[in-house]
Novice: 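I am attaching a structure below and will ask some questions about it afterwards.
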Amino acid sequence: MEIEGTMLTGRAFEPIEGRVVIEDGEITTVEEAATDSDAIVLPAFVNAHTHIGDSIAKEAGAGLSLDELVAPPDGLKHRLLRQASRDEKVDAMARSLQFMEQSGTGAFIEFREGGVEGVETLEDALEGLAIESVVLGRETVDAMHASDGFGASGARDGDFDAERNAARRADKLFGIHAGERDSADINPAMDLDPDFLVHMVHPEPLHYQRLDDEATPVVVCPRSNLVTGVGVPPIRELLDRTTVALGTDNVFLNSPSMFREMEFASKLADVSAREVLGMATWAGADIAGLNTGEIAEGKDARLLVLDGDSDNLAGAQDVVRAVVRRAGVDDVREVVLASE
Ligand SMILES: [Zn+2]
């Protein structure tokens, strides 16, 4: 299979006219060539933080505080999840996953509620889809063993030493929410030596020093933070210290569209469009250990093809800025998610 157009290549997204050749699900050739294609070809997105499970509760909970919305065990989302039937949850998640594929997401890192049962429910929802999942179970060590790792709610909710050690022994990922409401849970989260932190809206100088030293990757979810009223993450300061990836967080608060998250992050923070596109692609792949998120030979072929001549994008003077700040699901021509 070959795709022609303006390719955004490598980690700097250097625009090159030419073609990508795909064989057996792998990018085998990236070459400059004359083409009359108006396609823009970029890596499919890696959504680095989702809670797909709350697809049953889209736009519920207007006006509630963060704790009232999501704190375990009795926050609104947990009550709605308990009330929904298994079939309802599977169907709602499948719809969100289909939308994620349609809007160019090739892989995602999910914090999955509900223990082993929750992990199995998501596996059912993924049936027949090509999106690559990295599922982190929650609540029990068994959920970690049944999935790709453990996703901890946050150090204020308890001590996660046992889960962290179990994940390390199993050679699986351990991620944890930190610094969402305030800075109090950042040090105890970092003391666990996690594979990544989620949110980091409220780092203080000491935490920046630790990031300088430890370079723990961070996933930011700026739209979610705005909706829950906790502030917005200092994306520039985080990017200056470590790998930063982008996630859309709870489906019930925000559409899981990486186009929307990129535009918001780009206009919110003092970061370049290239940096934001990296946060939306290879940074999440690095955190999850996936061989994707970049147009380069040897990478898994997970690509997004946009119509560069859509009414929305035609005439753009800077293709990377246009993709990050302007493009949307209506500009998607094809999502290539070649299976492994
Ligand atoms: Zn989260």
Side-chain angles (χ1 to χ4, degrees), residues 46-58 60-61 64-73 75-78 80-81 93 96 100 105 107-115 118-119 122 133-139 143-144 147-158 160 163 167 173-182 185-186 189-190 192 194-203 216-233 235 238 244-258 260-261 264-265 279 283-284 287-288:
V46 179
N47 188 339
H49 189 63
T50 59
H51 300 264
I52 302 297
D54 48 42
S55 297
I56 48 145
K58 291 172 191 164
L64 297 184
S65 73
L66 179 58
D67 280 332
E68 291 167 328
L69 286 168
V70 301
L76 177 68
K77 88 168 213 181
H78 300 283
L80 291 171
L81 280 169
M93 286 193 285
S96 290
M100 289 164 70
T105 296
F108 68 107
I109 305 175
E110 162 78 4
F111 274 31
R112 188 70 266 273
E113 290 82 6
V119 172
L122 178 55
S133 64
V134 177
V135 180
L136 304 193
R138 303 183 69 176
E139 293 146 39
M144 180 273 292
S147 67
D148 302 304
F150 192 84
S153 56
R156 76 177 63 231
D157 298 325
F160 289 97
E163 290 84 352
L173 286 171
F174 179 88
I176 185 166
H177 296 103
E180 186 177 15
R181 297 162 179 80
D182 56 46
D185 62 356
I186 298 177
M190 292 187 81
L192 291 164
D195 293 301
F196 63 99
L197 301 160
V198 181
H199 289 311
M200 291 294 273
V201 178
H202 299 286
T216 314
V218 174
V219 180
V220 294
C221 310
R223 285 186 307 159
S224 168
N225 300 146
L226 191 78
V227 170
T228 58
V230 298
V232 290
I235 300 175
L238 295 168
V244 180
L246 204 54
T248 60
D249 207 6
N250 299 82
V251 173
F252 87 118
L253 299 176
N254 283 295
S255 158
S257 163
M258 291 297 280
R260 290 187 177 213
E261 201 72 40
F264 188 80
M279 290 163 61
I287 288 172

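Order of appearance sets the numbers: ligands from 1, and atoms from 1 within every ligand.
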Novice: How far apart are the C-alpha atoms of R156 and D182, what are their side-chain angles, what is the distance that settles it, and do they pass the salt bridge (Lys or Arg N to Asp or Glu O under 4.0 Å) test?
Specialist: CA-CA 11 Å; R156 76 177 63 231; D182 56 46; 3.1 Å; yes
Novice: Rounded to 10 degrees, what angle sits at the Zn ion (ligand 1) between H177 NE2 and H49 NE2?
Specialist: 100°
Novice: Tell me whether the Zn ion (ligand 1) has H51 as a neighbour, meaning an N, O or S atom of it below 2.8 Å.
Specialist: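 For H51, the answer is yes, given that an N, O or S atom comes within less than 2.8 Å of the Zn ion (ligand 1).
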Novice: Which label fits H49 and H199: parallel for a plane angle under 30°, tilted from 30 to 60°, or perpendicular past 60°?
Specialist: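 H49 vs H199 ring planes: perpendicular.
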Novice: Quick check on the Zn ion (ligand 1): does H199 put an N/O/S atom closer than 2.8 Å to it?
Specialist: no
Novice: So that I can tick it off, tell me whether D67 and R181 are bridged by a salt bridge, with the cut-off set at under 4.0 angstrom between side-chain N and carboxylate O.
Specialist: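 Yes, this pair counts.
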Novice: Consider only side-chain N and O atoms of E261 and T248, and report whether a donor and an acceptor are under 3.5 Å apart.
Specialist: no
